[in-house]
Amino acid sequence: MPGFERFGAAERESAGEVLESGVLMRYGFDGMRKGRWMAREMEHDLARRMQTRHAHLVSSGTAALTVALASAGVGAGDEVIVPTFTFVASFEAVLSVGAIPVLCDVDDTLTLDPGAVKKAITAKTRVIMPVHMCGSMADLRTLKAIADAHDLLLLEDACQAIGGSYEGKPLGSYGHIGCFSFDYVKTITCGEGGGLITNSDEIYERAQAYSDHGHDHIGSDRGAEGHPHLGYNYRIGEVNAAIGLVQLGRLDEFLDVQKAHYTRLRAVLESLEGVQLRRVPEGGIENYSFLNFFMPNENKARYSAKALGEAGFDGAFYWYDNNWHYHRKWDHLKNLESLSPLSEALVHQFQANPKSFKASDHWMGRNLSVLVKLSWDEKELQSRCRILKEVVSAALD
């Protein structure tokens, strides 16, 4: 995913412009800025690129999810359906607003299984949160229909999938709110940063205030601004936004490179009988940041991941054994091991959640995920294609 592989002169110049002005904060200090508001400019470009009315930058993808949930009025006792395969930030954000993460099975898209989602809905469900892991999307049409039928919010965690699309809509824009991460190892990077997009004026107004201590940002005197509600500090800095502004302008450049490299690797796997490729929902276009495939069984998948690493093929992930991205290693969540005491109501409600996810294990135990890098030259790409074919072929024999 990493845009930092193409980090260059334009990014340095943009960050340098902020440092030269001396204004590192996104709000205030109007006279010192020389007309440049980096966060505002990136928000404008992000909304335009994502075809939404609004975009708002924050300090991280986790912050984007947290602000999105709070701005939608999600809180104590509400349930949010999240997949068993995601980064821990997805459920951390849910817990941070006092809501309950309800883990739900994934299918061959490696994202939420709509059938499992239907079964997970209760009277307390407020949000369905599909997470577009590894650059591809959930069955959004079906999930949107489920959400609409139950009057639920569809919140897309598109932190790993910026640049992908579904039925002609950029990922993140199909539901009510979309969230992105711009950390160091995402398709485009601010160094650290995140953003949310929405067509809702109400959610946007809440979000831009909530992420800055509740400031309403009306007028030109920051000290005299109103505080319509409580908020917290999830602001992005101008240096980060300056870097992201340039990277966002290069997004299509990065996607073209990723697609070319992805296509070469995919052709190798398509030639091997016994390999099943991840299903991309009809109407969907990946952002090509990962190539995902299924081996015939768990042993062959685990062997292949180990053999690829030993052969010098870095970036081949076996998420089934991963500490951070799959439910099997989330003991800190399942045991609710928090540094501060959690409410008895939250603990009781969470403990009622399902604990077994055999359907997810069926897919994730056989899955391998290959990172697609921007920096490969032709020699490196040929070498990777050769190693991938040799290792996977040996595992299939």
Side-chain angles (χ1 to χ4, degrees), residues 1 83-87 105-113 130-139 160-161 163-164 166 171 187 255 257-322 325-328 357-374 376 380-397:
M1 293 185 287
T84 53
F85 177 44
T86 182
F87 183 56
D105 273 318
V106 300
D107 58 18
D108 56 346
T109 66
L110 302 181
T111 65
L112 281 177
D113 175 2
V131 183
H132 306 316
M133 287 294 288
C134 301
S136 190
M137 74 296 305
D139 281 307
Q160 290 193 2
Y166 180 74
L171 293 182
T187 302
L255 294 174
V257 175
Q258 286 187 162
K259 182 179 180 180
H261 293 172
Y262 171 102
T263 302
R264 293 275 293 276
L265 292 170
R266 181 184 173 106
V268 170
L269 296 177
E270 288 176 328
S271 70
L272 302 178
E273 186 175 352
V275 171
Q276 178 183 352
L277 292 167
R278 171 195 199 169
R279 178 171 66 87
V280 178
E282 184 178 357
I285 299 175
E286 300 177 73
N287 80 346
Y288 307 106
S289 53
F290 286 87
L291 175 60
N292 285 274
F293 61 97
F294 304 102
M295 296 295 286
N297 58 53
E298 180 182 324
N299 289 337
K300 291 180 182 295
R302 186 175 277 109
Y303 165 83
S304 297
K306 184 173 184 292
L308 284 169
E310 291 173 346
F313 191 111
D314 66 319
F317 298 96
Y318 185 57
W319 302 114
Y320 193 64
D321 290 340
N322 184 276
H325 292 82
Y326 193 53
H327 80 92
R328 292 201 321 137
F357 301 97
K358 293 182 179 179
S360 296
D361 293 344
H362 167 76
W363 294 109
M364 297 305 302
R366 300 187 296 118
N367 172 253
L368 279 178
S369 187
V370 175
L371 179 66
V372 179
K373 293 188 177 182
L374 301 175
W376 298 334
E380 176 71 14
L381 187 55
Q382 288 181 4
S383 173
R384 286 180 173 269
C385 288
R386 175 183 57 79
I387 294 171
L388 183 64
K389 184 172 186 177
E390 291 174 355
V391 168
V392 175
S393 295
L396 293 169
D397 287 343

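- Of the possible polar contacts, none joining the Gln160 side chain to the Gly135 backbone as a donor-acceptor pair under 3.5 Å is found.
- Under the 30°/60° scheme for interplanar angles, the aromatic rings of Tyr320 and Tyr326 are found to be tilted.
- Salt bridge present: Arg279 and Asp107 bring a charged side-chain N and a carboxylate O closer than 4.0 Å.
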Would Asp314 and Lys373 count as a side-chain contact (heavy atoms from CB on, under 4.5 Å) if you check the C-alpha gap in whole Å, the side-chain angles of each, and the deciding distance to 0.1 Å?
CA-CA 10 Å; Asp314 66 319; Lys373 293 188 177 182; 2.7 Å; yes
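- By the 4.5 Å heavy-atom criterion applied to side chains, Leu291 and Leu277 are counted as neighbours.
- Rounding to the nearest 0.5 angstrom, the gap separating the CG atom in Leu308 from the OH atom in Tyr303 is 9.0 Å.
- The shortest distance between side-chain heavy atoms of Met137 and Thr109 does not fall below 4.5 Å.
- Between the NZ atom of Lys300 and the CG atom of Leu396 there is a distance of 6.5 Å, given to the nearest 0.5 Å.
- Taking both residues in full, the closest heavy atoms of Val106 and Trp363 are given as O-CD1, 3.8 Å, listed atom of the first, atom of the second, then distance.
- The aromatic rings of Trp319 and His325 sit tilted relative to each other, their planes meeting at an angle between 30° and 60°.
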Please lay out, stage by stage, how Glu282 and Asp139 fare under the test side-chain contact (heavy atoms from CB on, under 4.5 Å).
CA-CA 8 Å; Glu282 184 178 357; Asp139 281 307; over 6 Å; no
Arg384/Val268 under side-chain contact (heavy atoms from CB on, under 4.5 Å): CA gap, chis, key distance, verdict
CA-CA 10 Å; Arg384 286 180 173 269; Val268 170; over 6 Å; no
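- Closest of all the heavy-atom pairs between Cys385 and Leu265 is SG-CD2, 4.0 Å.
- Heavy-atom minimum distance, Gly164 versus Asn287: N-CB, 3.7 Å.
- Rounded to the nearest 0.5 Å, atoms OG1 (Thr111) and CZ (Arg278) are 6.5 Å apart.
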After noting the C-alpha distance and the side-chain angles of His327 and Asp361, does the key distance pass the side-chain contact (heavy atoms from CB on, under 4.5 Å) rule?
CA-CA 9 Å; His327 80 92; Asp361 293 344; 3.1 Å; yes
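- Between Phe290 and Glu286 the shortest heavy-atom distance is O-OE1, 3.9 Å.
- Ser393 places a side-chain heavy atom less than 4.5 Å from the side chain of Leu272.
- Two residues are said to be in side-chain contact when any heavy atoms from C-beta on lie closer than 4.5 Å; Arg264 and Leu388 fail this criterion.
- Separation of atoms CG (Asn297) and NE2 (His362) is listed at 11.0 Å; rounding is to 0.5 Å.
- Side-chain contact between Leu110 and Met364 is present, with heavy atoms from C-beta onward closer than 4.5 Å.
- Annotation: side chain of Val392 is in contact with side chain of Met295 (closest heavy-atom distance under 4.5 Å).
- Inter-residue side-chain proximity for His261 and Leu374 is flagged as unmet; no heavy-atom pair is nearer than 4.5 Å.
- Ring-plane geometry between Tyr288 and Tyr262 is classed as perpendicular, the angle between the planes exceeding 60 degrees on a 0 to 90 degree scale with a lower cut at 30.
- Residues Ala301 and Leu368 approach most closely at O-CD2, 3.7 Å, considering heavy atoms.
- Nearest heavy atom pair, residue Asn367 against residue Tyr318, reads O-CD1, 3.3 Å.
- The shortest distance between side-chain heavy atoms of Pro83 and Met133 does not fall below 4.5 Å.
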